[in-house]
Amino acid sequence: MQSSSQMVDTRKRPPRLGMRVLLVLALAPPILAQQAAPQNPTSAAGASRPLNDQSRNVDEMFGQWHSPKSPGAAVLVIDAGRVVHAKGYGMANLEHGVPIRADTVFDIASVSKQFGAMAVALLEADGRIGLDDDVRRYVAEVPDFGKTITLRHLIHHTSGIRDWPGTLSMGGWNYQDVVSFNQILRMAYHQRELNFAPGDEHTYSNTGYNLLAEVVARVSGKSFREFCDERVFRPLGMKNTHFHDDHTEVVVNSADSYRPGPDGQFRRAVSNLTALGSSSLFTTVDDLAKWIDNFHSPRPIVGGPAVIARLHERGRLNSGTTIAYAFGQSIGEYRGLRTATHTGSWAGYRSVLQRFPDQRFAVAILANTADMNPSLVARRISDLYLADRFGRAPDTTPSAAQSGGGAGAAAPNAWRPTAADLQAYVGEYRSAELLTSYVLVVRGDQLIARHFRTGEYIFRPVETDRFQAPIFGDVRFVRDASGAVLAFAANSERVRRLRFERVNR
């Protein structure tokens, strides 16, 4: 999800480095100034492999961001279970010239989900929950849709629960707004209809992981943050990692979020999000090395091999089809080698964690700039290090963009209504589910939806009673027996049949 940019505020926060450190950084060569490449193995395996033999090539991949005028990324490479590259490129804070290092803290967005899934798997291993339990057994506020939604459905994105970013956008939220965990839960508790019957489809839903976080909190009797600290982060020695449950909290040594503006200058991309379970994990590549090592050598104190095996179990639809998505990881392959991968995107933060379990190889890229594609760069790094272990040549086909057209998308402008035709749709429309309204007006030959907070959206005609619009996706109007317009329903890939009733017919 993308939030609108703002101009840099140079009054923001004081420098986070002492004068002596700043002087050292100013005198050091650019790469070495930001290098924090641990040489200690994360396990005994692979000890004979030379360290950082490809680091210079990785440095070149990040050259365009490695500047005192650019945000950038922290990069981790683990080969044969051993850290072989851990560096920072570019700036964590442009206002004060703070460089990114391997211990810089980033919001890793949806890569957080595998940590939320771990919390669920630990409670299951404790015997305190079952994956086939009804979510309403633990969170009674979830509506009774007439069909059971299990924790397993939420884990694998097969629940039918609407995704909160698209839903709240239709409700008038801006991604720069404060979007709190409790607001997300309230949205879920007011949902009137599922996107599909649980288990019928796989459609990504951040909301499902937020509900899982609430399950963890209620069952454990601790906050979700406290549970993860106690059961995962402290046992693994992840000292700079936490689930961010207070958007006003000061996080020392953290990277700010940026995006390039139309004039080529970077703007701040503000994040006020606390989406526990689905996002909002703050961590470093140094700490991620410890997380990855637990996949290679599972520690009994963090569930051991049984929990790690559970985290790789893929979902299954009612039809019997096995999907790629497991517990916060997509299980697949790249160039003939098995992979476990997840990406993240929020505000200006971009992230990827890609593991090759059989080779004990992993790449993690945590970026604070919206103009970086970490997934693409991670594949290039994998090509570099695993060249002699791949089963086939790299795929040069451009990666497909994530679907945003929504369910039932069609080419616009197939139907050309007159201004008189459009008058039938004029009026105020209200969603009882989101407690918000839009006023539809005709301007020239266009139908416009107006919201008092977010502005205007053009409804582009497709066919009679059907339009396409930003944030709404495929819009379909409903008429009564006399032909009068009663309502419209918005349909996107992750939010279907969200109904807005006409209130002034």
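Below, all heavy atoms of this structure are taken into account, side chains as well, without hydrogens, waters or symmetry copies.
Shown are M372, Q354, M61, R350; of these, the side chain to side chain contact (heavy atoms under 4.5 Å, CB included) with I365 is made only by M372. Among N174, N272, L168, the single residue meeting the side chain to side chain contact (heavy atoms under 4.5 Å, CB included) criterion with V179 is L168.
In this structure, the side chains of R466 and R476 come closer than 4.5 Å at one or more pairs of heavy atoms. A heavy-atom distance below 4.5 Å is found between the side chains of T203 and E493. Within the 4.5 Å cutoff, the side chain of V105 has heavy atoms near those of the T284 side chain. Put simply, the side chain of E95 reaches to within 4.5 Å of the side chain of R268, judged on heavy atoms.
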What do the steps show when you test Y204 against S110 for side-chain hydrogen bond (donor to acceptor under 3.5 Å, both in side chains), and what is the final call? CA-CA 11 Å; Y204 196 83; S110 286; 3.2 Å; yes
The test is side-chain hydrogen bond (donor to acceptor under 3.5 Å, both in side chains); show your working for N182 and S180 and say whether it passes. CA-CA 5 Å; N182 287 331; S180 73; 5.5 Å; no
Step by step, would you call D465 with Y425 a side-chain hydrogen bond (donor to acceptor under 3.5 Å, both in side chains)? CA-CA 9 Å; D465 291 343; Y425 307 105; 2.6 Å; yes
Given the rule in the side-chain hydrogen bond (donor to acceptor under 3.5 Å, both in side chains) test, do N210 and S278 qualify, once you have shown the distances and angles that lead to the verdict? CA-CA 6 Å; N210 306 129; S278 71; 3.0 Å; yes
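A donor-acceptor contact shorter than 3.5 Å is absent between the side chain of Y457 and the backbone of H451. Side chain of H190 to backbone of R192: no donor-acceptor contact under 3.5 angstrom is found.
Taking a cutoff of 4.0 Å between a charged side-chain nitrogen and a carboxylate oxygen, R231 and D126 qualify as a salt bridge. For R450 and E456, the salt-bridge test passes: some basic side-chain N is under 4.0 Å from an acidic carboxylate O.
Aromatic ring centres of F467 and W415: separated by under 6.0 Å.
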